[in-house]
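Just so it is clear, the structure is predicted and the values come from calculations on it, not from any experiment.
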Amino acid sequence: MTSKISYPKFIIENLKHRAWLIAFSFIAHFLILPVYTLMYIDNKKSLLPDPSNVKELKEWAFYNFSGLLNGQNNFFLAILFFGMGLLCAVTGFSYLHSKVKQDFYHSMYVTRKQWFLISYISGLLIFLVPFIVLSFCTILIGQVNGLMNLSLFLYCLRAMLYGIMVFFLSYHTSILAMMLTGQVITGVLAYIVLLVYGSAILGLVEALCSTFLHTWVANLSPFDSILRYSSPAALSANFIGANVSESGMVLGLHNTAGSSFRIWGITLLLLIIFFIASLLLYKKYPAEAAENALSFSKIGGMIKTLISIPCALAIGLFSNAFIGYSGKNHWLFIISLLFVFLICFIIEFIYHHDLKMIVSGKLSTGISLIGVLFVLCIFQFDLFGYDSYIPKEDSLKSMSVHCYDNNYYDYQLYNHDMKIILEKTTTTDFHAFYELAKKQKSTKDTSDLSNIVVRFEPKKGRPIYRSYDVDRQDMILAFESKYKNSDYRKQENPIFNIHKNEVDYFKLEDIYNTPLSMDNLTVEQKSNLLMAYKTDFLNADFHTLINEDPIAKLYMGYTLERDSKNPTTDSFETRLYLHKDFSNTLSLLKDYGYTIREKIDPKDVLRVLYVPSALEEQEDSAITQKEIVDPKEIQYVLDHLSLYDNQRLLQSNIHDGASATILLTLKTGYEIQFSLFEDK
């Protein structure tokens, strides 16, 4: 008899009982898709200089219109995906949380598997039908406005698929949460936990590493590669973040080779696992579970432990950051241990709804307490030896080192991405760098330290990143030995990745701090200037680059990979420091009619304003600023100002402790700022 069940009839009957949700779904989709799209397009037209310019509007639509169908450019739709997933699951399976309704449903000649499928399919229809119908209405709106073409239509279909996947992730997570609980409120709480748990654990571990491990490099975390796959919420973010670029429609904001395949594979696997787990739990769902916090009481202790440990640690870390990190973590220990008790009591109250029972579950509470203490001890005492670990030298294929204190190079070419910088500056002759890493200093050391980031590349396995504080002189000696190799100099300086035919413009800035445009240079002169600078850099003494202040800066605009097939107009700008012994570059500049000024001409100065640092910090009202207009006094001040005092011109603003500021007002109206130090 059960084998002859008419699924359509039962599904239709189920939909009738949820008519309010069907109406809500249609109204919400109507407002969030067609209506929002009309408003969005109208607003875009009003922002265009020429609203009748269809070409510009179509170009905008090509990159942005599909985002209205997956949540990329429609925040309300992204919220609707998650909201409908939760509502469809709650309304479809909430009868399990009522003993009366559960007895009624399960007394019929319909198997539990069939009831599960009826409710599941009904929930799908409640979302899918309005979404698909009104998504095509949205596409029709684009067509009526003259925005649609075949490529954009295909992107829109793909965006619809991405939106459906977000709903599936929310829906399956919600159903699993309903199977694990016996009350709607605890089901909703379980849904939130399941949705973000994996990502939250990774974030917590990373926060613990940043707090306790001195050699941890936060922006090169090994967890970054798995964070986007770590939870249903993280996977959903990839589909919502999918947008149109020059390479097509890509998943997520940081698409890499093979990541799209992994996202699809992990998402489908997770959906299948959640579906099967929900079905199996439904078959075993006990009748007495209705109206209880959990459907399976035996897993209560395990769930309490899995929630209380990370929550207590997170609260401890938050409080530690709130009161200000001082290197001492005793308050983190105290607050984490106090809150693990409080959270365990709250969870027991949710389980039993009885204040007398909050101290029950002593075993799971004890395990939670020990778990928090164990995790904190692992990080506090570095039981796994993370900070002290250095790979054996003969196991390494290459190394690279980047110094935070050295701002000599402009890494715009590498998007200032630390990982790319380290990958571009690897060397197989790394003995000097290896010895430098072994000489790492304690953070308590008061000597002159420099912070470096090291990339160890083993012969087998993934690269290892560490951050070390080292003696500045040791760091200089290590780099000096490497700079004897011209090939390493080329690797270290991004300028050698720019070719002469890619240069757009030069601007010159000397002690006057006024960038001077060099628009009259020919293409050949620009190329010659770049080649001359490369030659001077390769021939320069290492100590000149590290210790000597530059006399001027060249700003160079460039466009990469310009050719007839790729006539891009996006330019970038980098800075090139000029030293006194850069003879080739200085000679060319002189030939081109540009003379570098190393001193301020008194005739150019209108006045000098002396401002003590104490006045700037408002520490002493008795100290006042002084204005100097007498030519002889101005001359005296200028005679005692040097390039060293010109912070803007220095390659790294590492000088501090200035006792005063000198402001020079030129007759042109331009103002130059110098810093005066105690020795002056």
Does the gap between the ring centers of [X] and [Y] come in under 6.0 Å?
X      : Y      : value
Tyr40  : Trp60  : yes
Phe456 : Tyr465 : no
His579 : Phe582 : yes
Tyr555 : Tyr505 : no

Just by distance, no angles: are the side chains of [X] and [Y] close enough, under 3.5 Å, to form a donor-acceptor pair?
X      : Y      : value
Ser199 : Ser230 : yes
Asn451 : Ser467 : yes
Thr535 : Asn584 : no

For [X] and [Y], which heavy atoms make the closest approach, and how far apart are they?
X      : Y      : value
Ile498 : Leu530 : O-CD2, 3.8 Å
Leu235 : Thr267 : CD2-OG1, 3.6 Å
Asn513 : Ile672 : OD1-CG2, 3.4 Å
Met518 : Leu554 : SD-CD2, 4.0 Å
Lys526 : Phe506 : O-CE1, 3.5 Å
Pro458 : Ile464 : CG-CD1, 4.3 Å

Using side-chain heavy atoms (C-beta onward) and a distance below 4.5 Å, is [X] in contact with [Y]?
X      : Y      : answer
Leu609 : Gln625 : yes
Val608 : Glu633 : no
Tyr594 : Leu521 : yes
Arg462 : Ser225 : yes
Leu588 : Tyr533 : no
Leu641 : Leu664 : yes
His214 : Tyr468 : no
Ile139 : Leu69  : yes

From Lys484, Glu492, Gln491, Lys490, residue fulfilling side chain to side chain donor-acceptor pair (under 3.5 Å) relative to Tyr488: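 Single side chain to side chain donor-acceptor pair (under 3.5 Å) partner of Tyr488 among Lys484, Glu492, Gln491, Lys490: Glu492.
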Residue among Thr425, Thr427, Asp487 satisfying side chain to side chain donor-acceptor pair (under 3.5 Å) with Lys482: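 Among Thr425, Thr427, Asp487, the one that satisfies the side chain to side chain donor-acceptor pair (under 3.5 Å) with Lys482 is Thr427.
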Geometric class of the Phe76/Tyr36 ring pair [parallel <30°, tilted 30-60°, perpendicular >60°]: perpendicular
Mutual orientation of the aromatic rings belonging to Trp264 and Phe239 [parallel < 30°, tilted 30-60°, perpendicular > 60°]: perpendicular
Greater than 12 external heavy atoms within 6.0 Å of Lys599's NZ: yes
Greater than 12 external heavy atoms within 6.0 Å of Tyr636's OH: no
Any donor-acceptor pair under 3.5 Å from Asn493 side chain to Arg489 backbone: no
Do NZ/NE/NH1/NH2 and the carboxylate oxygens of [X] and [Y] come within less than 4.0 Å?
X      : Y      : result
Arg597 : Asp510 : yes
Arg455 : Glu457 : yes
Lys507 : Glu573 : yes

